[in-house]
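Written below as structure tokens is the structure these notes are about.
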Amino acid sequence: MTADLSELRALLLDRDRLVSAVAAGRIKGTEAPPHTRLRPVTVKAGEALQLETSDGARPTVQNLPWTPETVDELLARPYGNWHVELTDATVQVRVTKRGKAFLHRTEASRVRDTSHDRAKPHLIAPDDPLFDVVGGDAAKRRQVDAFLHLVDGSLTGSTPLRVVDFGCGNAYLTFAAYRHLAASREVEVIGVDVREDQRVRNGQVATELGCADRVRFVADTAASADLPGADVVLALHACDTATDEALARGVSLGAAHIFAAPCCHHDIAAQLRSGSAPAPYGSLVRDGILLERFADTLTDALRALLLRSLGYEVDVVEFIASAHTPRNTMLRARRADVPAALRTAARVEYDGLVAAWGVKPRLAGLLG
Ligand SMILES: C[S@@+](CC[C@H](N)C(=O)[O-])C[C@H]1O[C@@H](n2cnc3c(N)ncnc32)[C@H](O)[C@@H]1O
């Protein structure tokens with residue numbers, strides 16, 4: 001560490017103000033050290049510094065003593081940039097080839113949270129050996145774990161379950177869901193994706209993991225896959241209207257629980273672009289970025305209303321912080337004994353919204 005880094009060192013050791021920090025990039029002429037995110041956490045032994053290090057493929061998480069030695073070891077690595085979040089400021093640090101540190105501060109106001117909730121133990125940790133076989137980058141591993149936390153919070157008991165994961169892609173969530181749920185019950189998991197190459201690849205992974213008798217894959221659309229029924233439906237970032245197909249299949253397969261984190265929302269966005277907004281709401285869709293964000297909101301609001309009108313209790317939540325994926329919304333639906341009046345109210349609200357905005361949601365067409 002050069003003397004120039006002493007100010008940064010003091011910030012990383014500031015037990016009253018440090019919220020988090022990210023070290024990235026490299027000093028010119030050196031080899032890039034792995035991207036590292038750190039934050040204070042409270043563990044049994046007291047306060048520690050949690051380091052999440054990623055080379056872009058395999059993240060590792062370690063809780064280390066929050067000591068000058070730990071910080072000095074980090075500062076000895078040739079990071080070119082540091083982004084430090086304090087309770088009262090954000091500090092950007094650029095480190096030059098000569099070891100000079102340029103600090104730029106802006107005021108901020110943050111609450112430091114090292115509570116149990118933030119330090120919630122992983123269900124499937126990013127460095128779990130399962131991912132050595134299944135793969136998945138650091139962001140996807142975190143999404144899968146966060147997704148499973150919401151699934152876990154909704155499923156009680158130990159009754160056998162058939163789970164269908166629509167738009168499963170490389171099946172990171174499919175295998176993680178199997179691993180987690182199979183610890184407490186009998187589980188059969190089916191991954192559905194339009195791509196035949198995914199089916200073949202995922203089938204090989206299931207064999208490698210020794211669970212091919214319990215985890216299988218179908219190459220077909222979510223709308224038309226031949227499936228025996230489902231208790232739980234999952235869909236993580238199923239493209240555009242594939243999420244609608246997953247929701248509709250969840251209903252038609254009789255799923256008691258549906259968890260869908262939608263991806264892009266092109267369908268309604270295109271309809272808004274070619275239609276006209278009801279007065280006085282034109283400004284919501286005049287600018288491209290606002291139109292896209294409004295399309296996201298309208299699409300998910302209409303999906304929730306349709307499911308509510310069919311007797312599902314639905315909440316729309318953030319399943320993970322937006323820093324990990326901008327697509328961090330989840331529709332969480334549970335089939336329930338919703339009174340007829342509430343179902344009707346949801347339908348009336350839905351009819352009013354589609355009439356006002358002149359849109360035809362794909363989900364409505366699929367539900368018939
Ligand atoms: C963005 S990827 C997400 C994959 C995976 N769930 C994940 O989070 O890593 C979306 C996947 O949906 C699949 N897909 C697209 N349309 C589909 C449809 N109609 N039915 C089933 N899968 C579909 C794609 O082939 C792709 O693998």
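From a predicted model like this one, the values you see are computed outputs, not experimental measurements. Whatever order the structure lists them in is the order used to number ligands and atoms, beginning at 1.
If you number the atoms of ligand 1 from 1 as listed, the ones under 4.0 Å from a heavy atom of Gly169 come out as 4 (C), 27 (O). Near Tyr172, meaning under 4.0 Å from any of its heavy atoms, are these atoms of ligand 1: 9 (O). Annotation for ligand 1: atoms under 4.0 Å from non-hydrogen atoms of Thr221 are 19 (N), 20 (N), 21 (C). With ligand atoms numbered from 1 in the order given, ligand 1 contributes 18 (C), 19 (N), 20 (N) to contacts under 4.0 Å with heavy atoms of Glu245.
For the pair Ala222 and ligand 1, the shortest N or O to N or O distance falls below 3.5 Å.
Under the 4.0 angstrom criterion for non-hydrogen atoms, Phe166 is not in contact with ligand 1. In this structure, Val194 is part of the shell of residues with a heavy atom less than 4.0 angstrom from ligand 1.
Summarising the contacts of atom 17 (C) of ligand 1 with Gly167, Ala261, Ala225, Ala242, the nearest heavy atom is found in Ala242. Of the candidates Asp220, Asp193, Val192, the one placing a heavy atom closest to atom 25 (O) of ligand 1 is Asp193. Proximity annotation for atom 10 (C) of ligand 1: of Arg195, His237, Lys140, His237 comes nearest, heavy atoms only.
At distances below 3.5 Å, not a single donor-acceptor pair connects side-chain atoms of Arg343 with backbone N or O atoms of Ser309. For Thr243 (side chain) and Cys239 (main-chain N/O), no donor-acceptor pair under 3.5 Å exists by modelled atom type.
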Task: Verdict with supporting geometry, Glu7 and Arg105, salt bridge (charged side-chain N to carboxylate O under 4.0 Å, His left out) - done: CA-CA 12 Å; Glu7 207 174 337; Arg105 281 168 201 279; 2.7 Å; yes
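Salt bridge present: Arg327 and Asp296 bring a charged side-chain N and a carboxylate O closer than 4.0 Å.
Defined by atom type and a distance below 3.5 Å, a donor-acceptor pair is missing between the side-chain atoms of Arg334 and His257. No side-chain N or O of Asp240 forms a donor-acceptor pair with one of His265 less than 3.5 Å apart.
No part of Cys263 comes within 4.0 Å of ligand 1, judged by heavy-atom distances.
Residue Val84 is tested with Leu18, Leu38, Leu103 for a side chain to side chain contact (heavy atoms under 4.5 Å, CB included); the sole match is Leu18.
Between Phe294 and Trp357, the angle of the ring planes lies from 30° to 60°, which puts this pair in the tilted group.
The single protein non-hydrogen atom nearest to atom 15 (C) of ligand 1 is Cys239 SG, 3.7 Å, given as residue, atom name and distance.
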